[in-house]
Amino acid sequence: MAPPCGSGRTWSRVVKMTLCLFFLAPMSSVGIGNTNTVFSKKQKLEVRKQLKRVNKPALKTIESPDGDIIDCVDIYNQPAFDHPLLKNHTIKMRPSSYPEGFSFDESNNISSNSKPEITQPWHSKGRCPEGTIPIRRTKEKDSLRAYYGRKKLRTINADTDTSIHEYSQISVQEERYWGMNAEINVWNPQTMAQDEFSLAQSWIAGLGDNRKIVDTIEAGMMVYHDLFGDFETHLFTFWTSDGYASTGCYNLECPGFVQVDTRIAMGAAVNPYSVYDGEQHSMNFFIWKDDAGGGDWWLYLSHRYLLGYWPSSLFSILAISANSVTWGGEVANEQRGGEHTTTQMGSGHFAEEGPGRASFFQNLKLMDPLLRLRVPSNVHRFVTVPNCYNLLQREDYFYFGGPGGSLQCP
């Protein structure tokens, strides 16, 4: 989902989330700051109670230049441990098993004076102290906008309604998988409206009967004003354990994901961006199942940041392994006025423009139960509106994206 939250959605499955404020995206006619909507005292009180559960006491607070507030929260007091399945969970600072060719000690031995591979705006104002993790604070105005809106749910089933969500992606679903790798090009695609989004992500999923999604772990980058309050590109994660019905959330907005890294705030903006015909930037997402350590799913970012893990106890199918992996881009197209949105995907340029111009996924890998990596095979390609957004696939990489509404995409 986030986008990757899947590859098709139906409005009949839209439900109110209670565990996660930001699992709900606002209706185009509801919001804060751009409508005349008036929220009752009861509604505001309900949101404020939820905020007290989401926003943990900070040992240090950092005000970011972009308006975000980053709370440095005791690592043992983070939202994850409010989950009923994690009440007695013992936090793990390191996985017990590592993928082939992976050396955490070497890759993480970086001088504090060295230039970081990923920067977030709040870094210019300080860092979180040892023993704490950075959490992007949830604000009341954002919560009201999200809490009483609607979520355009995502699945990974190509036979479902795609009138709102459009995709350029590839997937594998013929085996069992214990992890994946993907390096994603960093761009800042333009979105036409606040309630439309553009994202590039990976989905690791457990599909049940009739290949319907049950569990997902998702990670990538997204532009989504109604979620983040701006038009910048944000790092995000997402998970669900019941097909998006009532569980899961973005980032740390509900109990679930256990963060151990002190340097990256999930949900915060990331930079620098790639430049058309200029310098390119990317982020590497590496997710694997640590069977030797209880089966938790770990997230390792850009060969440098061991962000944390999704405990195996959150899931049913993913508690054993995944049976679907998907990579690609997604946009929300509201079709206002009966015309296709001009929201961009990727760099905003078509795949055939190639290196330095089109956005890419590269170094695609899948992981077997022995934690060995290999290039995916028997790949299924799924492009919903090739005149608006397309995809050009090679062995272990692909270009994707497009400008959206135009003469060829009416």
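The residues of the chain are indexed from 1 along the displayed sequence. What's counted below: heavy atoms across the whole structure, side chains too, no hydrogens, waters or symmetry copies.
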- Item | Exercise: identify the closest heavy-atom pair between Tyr177 and Leu366 | CE2-CD1, 3.7 Å
- Task: State, to 0.1 Å, how close Leu207 and Asn323 come at their nearest heavy-atom pair, and which atoms those are.
- Result: N-OD1, 2.7 Å
- Task: Measure the shortest side-chain to side-chain distance between Met222 and Leu227 over non-hydrogen atoms and say whether it is less than 4.5 angstrom.
- Result: yes
- Report the C-alpha distance between His165 and Phe197 in whole Å, list the side-chain angles of each, state the deciding distance to 0.1 Å, and finish with yes or no for ring pair (Phe, Tyr, Trp, His ring centres under 6.0 Å). CA-CA 10 Å; His165 296 263; Phe197 65 75; 5.6 Å; yes
- Item | Distance-only donor-acceptor check, side chains Asn181 and Asn284, under 3.5 Å | yes
- For Asn77, all residues meeting side-chain contact (heavy atoms from CB on, under 4.5 Å), sequence neighbours excluded: Lys56, Pro57, Val73, Asp74
- Query: Can you check whether Asp68's main-chain N or O pairs, donor with acceptor, with Ser64's side chain at less than 3.5 Å?
  - Reply: no
- Just how far is it from atom CZ of Phe360 to atom CD of Gln280, taken to the nearest 0.5 Å? 6.0 Å
- Message: Within the structure provided, determine whether Gln173 and Arg211 are in side-chain contact (heavy-atom separation under 4.5 Å).
- Response: yes
- Between atom CD1 of Ile118 and atom NE2 of His123, what is the distance when rounded to the nearest 0.5 Å? 9.0 Å
Compile the donor-acceptor pairs under 3.5 Å between side chains in residues 386-395 and protein atoms, sequence neighbours left out, one pair per line.
residue, atom, partner, partner atom, Å
Tyr389, OH, Thr343, O, 2.7
Asn390, OD1, Ala351, N, 2.9
Asn390, ND2, Glu352, OE1, 2.7

- Task: Report yes if some heavy atom in the side chain of Val214 is under 4.5 Å from a heavy atom in the side chain of Asp242; otherwise report no.
- Result: no
- Quick one: sort the Tyr250 and Phe238 rings into parallel, tilted or perpendicular, breaks at 30° and 60°. perpendicular
- Item | Centroid-centroid distance, Phe286 to Trp288, less than 6.0 Å | yes
- Query: Which residues satisfy the side-chain contact (heavy atoms from CB on, under 4.5 Å) test with Ile62, sequence neighbours excluded?
  - Reply: Lys60, Ile70, Cys72, Trp122, Lys125
Distance-only donor-acceptor hits, side chain of residues 310-318, under 3.5 Å, sequence neighbours excluded:
residue, atom, partner, partner atom, Å
Ser316, OG, Asp215, OD2, 3.4

- Query: Between the main-chain N or O of Ser241 and the side-chain N or O of Thr247, is there a donor-acceptor pair closer than 3.5 Å?
  - Reply: yes
- Task: Compare all side-chain heavy atoms of Asp261 with those of Leu301 and state whether any distance is below 4.5 angstrom.
- Result: no
- Query: If we ignore angles and hydrogens, is there a donor and acceptor under 3.5 Å between the side chains of Thr191 and Gln344?
  - Reply: no
- Task: Look up atom OH in Tyr309 and atom CE in Met93, then write down how far apart they are to the nearest 0.5 Å.
- Result: 9.0 Å
- Output all residues satisfying side-chain contact (heavy atoms from CB on, under 4.5 Å) with Leu407, sequence neighbours left out; order by chain, then residue number. none
- Note on the structure: Taken to the nearest 0.5 Å, the spacing of Trp327 CH2 from Tyr397 OH works out to 15.5 Å
- Query: Out of curiosity, Thr61 OG1 to Ile135 CD1, how far, rounded to the nearest 0.5 Å?
  - Reply: 11.0 Å
- Query: Between the main-chain N or O of Leu370 and the side-chain N or O of Asp368, is there a donor-acceptor pair closer than 3.5 Å?
  - Reply: yes
- Message: With salt bridge (Lys or Arg N to Asp or Glu O under 4.0 Å) as the rule and sequence neighbours excluded, what pairs involving residues 396-410 come up?
- Response: Lys365-Asp396
- State whether the side chain of Gln78 and the backbone N or O of Val258 hold a donor-acceptor pair below 3.5 Å, judged by distance alone. no
- Item | Partner set under ring pair (Phe, Tyr, Trp, His ring centres under 6.0 Å) for Phe285, not counting sequence neighbours | none
- Task: Might you work through the side-chain contact (heavy atoms from CB on, under 4.5 Å) test for Val260 and Ile133, ending with a clear yes or no?
- Result: CA-CA 7 Å; Val260 300; Ile133 62 169; 5.9 Å; no
- Task: Could you tell me which non-hydrogen atom of Val172 sits nearest to which non-hydrogen atom of Ser377, and how far apart they are?
- Result: CG1-O, 3.5 Å
- Item | Pairs meeting criterion disulfide bond (SG atoms under 2.5 Å apart) with involvement of residues 178-219, two or more places apart | none
- Message: Taking side-chain contact (heavy atoms from CB on, under 4.5 Å) as the definition, give me every residue that meets it alongside Arg176, ordered by chain and number, with sequence neighbours left out.
- Response: Trp178, Ile320, Ser321
- Task: For Glu175, enumerate each residue passing the side-chain hydrogen bond (donor to acceptor under 3.5 Å, both in side chains) test, keeping only those at least two apart in sequence or located in another chain.
- Result: Arg374
- Query: Aromatic rings His380 and Phe382: how do their planes relate, parallel, tilted or perpendicular, breaks at 30° and 60°?
  - Reply: parallel
- Query: Is the shortest heavy-atom distance from the side chain of Phe361 to the side chain of Phe400 under 4.5 Å?
  - Reply: yes
- Query: Run the side-chain contact (heavy atoms from CB on, under 4.5 Å) check on Cys254 and Trp239 step by step: do they pass?
  - Reply: CA-CA 10 Å; Cys254 72; Trp239 70 274; 4.1 Å; yes
- Note on the structure: Taken in chain and number order and not counting sequence neighbours, the residues that satisfy ring pair (Phe, Tyr, Trp, His ring centres under 6.0 Å) with Phe231 are His225
- Task: State whether Lys92 and Asp296 are salt-bridged, where the test is any N-O pair (Lys NZ or Arg NE/NH1/NH2 against Asp/Glu carboxylate O) under 4.0 Å.
- Result: yes
- With the side chain counted from C-beta on, respond yes when Ile213 and Tyr244 share a heavy-atom pair under 4.5 Å apart, and no when they do not. yes
- How many angstroms lie between CG in Asn378 and OG in Ser171, if you round to the nearest 0.5 Å? 11.5 Å
- Message: Strictly distance-based, threshold 3.5 Å: is any side-chain N or O of Gln190 a donor or acceptor partner for the main-chain N or O of Asn188?
- Response: yes
- Task: Please report the shortest heavy-atom distance between Tyr224 and Glu196, naming the atom on each side.
- Result: CD1-O, 3.8 Å
- Message: Quick one about Glu166 and Thr384 (side-chain donor to acceptor, distance below 3.5 Å, no hydrogens or angles considered), yes or no?
- Response: no
- Message: Give me the atom names and distance for the closest heavy-atom approach of Ala80 to Leu86.
- Response: O-CD1, 3.3 Å
- In terms of side-chain geometry, is the basic nitrogen of Arg336 or Asp195 positioned less than 4.0 Å from the acidic oxygen of its partner? yes
Let me check something: any side-chain donor-acceptor pairs from residues 265-278 under 3.5 Å, sequence neighbours excluded? List them with distances.
residue, atom, partner, partner atom, Å
Asn271, OD1, Thr119, OG1, 2.3
Tyr273, OH, Glu232, OE1, 2.7
Tyr273, OH, Thr233, N, 3.1
Ser274, OG, Asn185, ND2, 3.1
Ser274, OG, Val186, O, 2.9
Ser274, OG, His281, N, 2.8
Ser274, OG, His281, O, 3.1
Tyr276, OH, Glu353, OE1, 2.7
Asp277, OD1, Arg357, NE, 2.9
Asp277, OD2, Arg357, NE, 3.3
Asp277, OD2, Arg357, NH2, 3.0

- Give the C-alpha distance, both sets of side-chain angles, the deciding distance and a yes or no for side-chain hydrogen bond (donor to acceptor under 3.5 Å, both in side chains) between Thr326 and Gln169. CA-CA 7 Å; Thr326 302; Gln169 62 185 32; 5.0 Å; no
- Tightest non-hydrogen contact, residues Leu371 and Lys289, listed as CD2-O, 3.9 Å
- Message: Check whether Ser347 reaches the backbone of His349 with its side chain - one donor and one acceptor, N or O, closer than 3.5 Å.
- Response: yes
